Amino acid sequence: MSVDESMIHDIVQKVMANMQIASPASGMHGVFQDMNEAIKASIEAQKVVRCMSLDQREKIISVIRRKTHENAEIIANMGVSETGMGNVGDKILKHKLTADKTPGTEDLHTIAWSGDRGLTLVEMGPFGVIGAITPATNPSETVICNSIGMIAGGNTVVFNPHPNAKKTTIYTINMINEASLEAGGPDNIAVTVEVPTMETSSIMMKHPAIPLLVATGGPGVVTAVLSSGKRAIGAGAGNPPALVDETADVRKAARDIVNGCTFDNNLPCIAEKEIVALDGIADELMNYLISENGCYLASREIQDKLTATVITPKGALNRKCVGRDARTLLSMVGVEAGPEIRCIVFEGPKEHPLIATELMMPILGVVRVKSFEEGVETAVWLEHGNRHSAHIHSKNVDNITTYAKAVDTAILVKNGPSYAALGFGGEGYCTFTIASRTGEGLTSAQSFTKRRRCTMSDSLCIR
Ligand code: NAD
C-alpha cells in the first residue's frame, strides 16, 4: 500500500466509524430513521425541483459530477471496505466514468409536429418521486448514476439500498444533497433510511406518492417491483457469454475477455462470465489466457473444490466469494497463487455449475464447441433468457449478425472488453442500471420521464 493509499484507507475507516448517521439532525443530508419521513421529505423537495429550470437542474448535476471526482477514492475504499467486494482501483475508475459519462438534461428531447392545424409537442416530463432499489455490487455508482438521470428528468428519488452497502450509500446520498445545496437546489433531492430492510422497501413500493419504481439487482427484486402494480423499470441479472470464433484475433480476444472479466473482480452485471470457443481456436485461446493474461488453469480437483466453496449446497452463491479476486478465491481452496494471477480458467461442459451460474467472480469456464451454430446455441442457453449482455470476438459480419439476432440482449460487445458497452474504452454513455427485462436497455434521464403531449390548435405554425 502506498502512502496515499494508506492515508485514504485511514480516512475511510474514520469516516465509517464516525457514521452514526441516522437523522438529518446528525448532519447527514437525506438520511431518515423512518421510510415514511424520507418519502415526505422527497415530496417536499420534488415541489422545488418541479419548478426548477433545466439550467438549474444541470447546475446541480455538474456539482454532483465534480464531487464524485473529488470523493472517488473515498467512496471506492468505503465500498470495498463495507461490502468486501471488488477492488479499489477499478471502483475509482467506475466512479469517474459515472461522473463523466452519465447523461444529464441533454438527454431529454422534444418531438414536434407543426402544420396547418397548429403545433404539437411531446415533451419528457418528470414522474415526480421515484423509488429506487440498488445493489450491493455497484452501490454508490448506481446511486450516483440514478440520481443524475432522475434529477435531470426533474424527479427526486427515494433509495432503498442493499443493507450490506448502506454506509457507502448513505455517504453518497449525503454528497448528492450537499451538491444540490451548493448549487442552490433543495436538500433531500435524494433520500434514504439509515436501516434499509425488506419492510422499508415494501413501504416505498406501496407508497401512493411514488409512481415509478426502478430496481437494480437480481431476479427477486425485479419480480418484486414488477408485481407492485406500478410502472417499474427492472434491471436484473445476466450471465454474459463471450463467443470466440475462428475468424477472431484470438490473442486480442484473450486479452479483452480477461480485462472485462476481472474488472472490479467481475462485479459488473455486463462482465464476461464464461467463454464459448470454437474447436479450431480453443487451444490457442487457452494458451493466450494462461501464458499472457495471468489466468490460472484449474484442475478437475480444484474445480470441484471451488464449486463446493463458492456455491452453497442449496445452490445459492456464497456471499464471501462474490467480488473476490482470483488469488483470494484460490487461497480458499488451498492454492497459493502468485501476484500475476488475475483469473481462474478451465474447460468444461456448459452445465458445469461454475459456468452456468452467474458467479460475479473472476472464474471463466471455457465451453468448446464444434461449429458456430453450436456456439450460438450454447451461448443462448448460458444466457438463460435474461437478454441482458453477450459478447463476441469475430471478424465475420454474418456470424456477428446471426449471434446478435439469436441472443437478443440489451448489450452486445463486438471485439472488445465488456466494459466498452458502458462507454469505458467504447463510444456511448454510461449507466449502471441496464433494464433488459423491461426493455429500456441502458437507462438514462429519458428513461425516468413520461411523455406529455402539448397541442396548440390552429396557431403557432409559422411556416
Ligand atoms: P440482490 O438482488 O441481492 O439485491 C439487490 C437489491 O434488491 C438490494 O437492495 C436488496 O436488498 C433488494 N432486494 C432483493 N430481493 C428483494 C425483494 N424480494 N424485494 C425487495 N427488495 C429486494 O442483488 P445484489 O447482490 O445486490 O446484486 C447482484 C445482482 O444484481 C446480480 O444478479 C447482477 O447481475 C444484478 N445487477 C444487475 C444490474 C443491471 O443493470 N441489470 C446492475 C447491477 C447488478
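Remember, it's 1-based here, ligands and their atoms both numbered in the order they're listed. None of the values given here were measured: they were computed from a predicted structure.
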**Student:** With sequence neighbours excluded, give me every salt bridge (charged side-chain N to carboxylate O under 4.0 Å, His left out) pair touching residues 124-138.
**Tutor:**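 Qualifying pairs: none.
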**Student:** Measuring only between side-chain heavy atoms, which start at C-beta, is Asp100 closer than 4.5 Å to His69?
**Tutor:**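 The answer is yes; the side chains approach within 4.5 Å.
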**Student:** Looking at Val345, Leu329, Val258, which hits side-chain contact (heavy atoms from CB on, under 4.5 Å) with Pro362?
**Tutor:**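 Going through the options one by one, the only one that passes is Leu329.
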**Student:** Asp256 and Gly416: which non-hydrogen atoms are nearest, and at how many Å?
**Tutor:**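 Taking every non-hydrogen atom into account, OD2-CA, 3.4 Å.
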**Student:** Would you please write out the protein residues whose heavy atoms approach any atom of ligand 1 to under 4.0 angstrom, listed by chain and number?
**Tutor:**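 Its neighbours under 4.0 Å (heavy atoms only) are Ile133, Thr134, Pro135, Ala136, Thr137, Asn138, Asn160, Pro161, His162, Pro163, Met198, Ser201, Met205, Thr216, Gly217, Gly218, Gly220, Val221, Ala224, Ala235, Gly236, Ala237, Gly238, Cys269, Arg319, Glu358, Met360, His388, Phe432, Thr433, Ile434, given by chain and number.
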**Student:** Decide whether Asn71 and Tyr171 meet the rule of one side-chain donor and one side-chain acceptor closer than 3.5 Å.
**Tutor:**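 Yes.
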**Student:** Restricting to non-hydrogen atoms, name the atom on Lys91 and the atom on Thr137 that form the minimum distance, rounded to 0.1 Å.
**Tutor:**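 Closest approach of Lys91 to Thr137: NZ-O, 3.4 Å.
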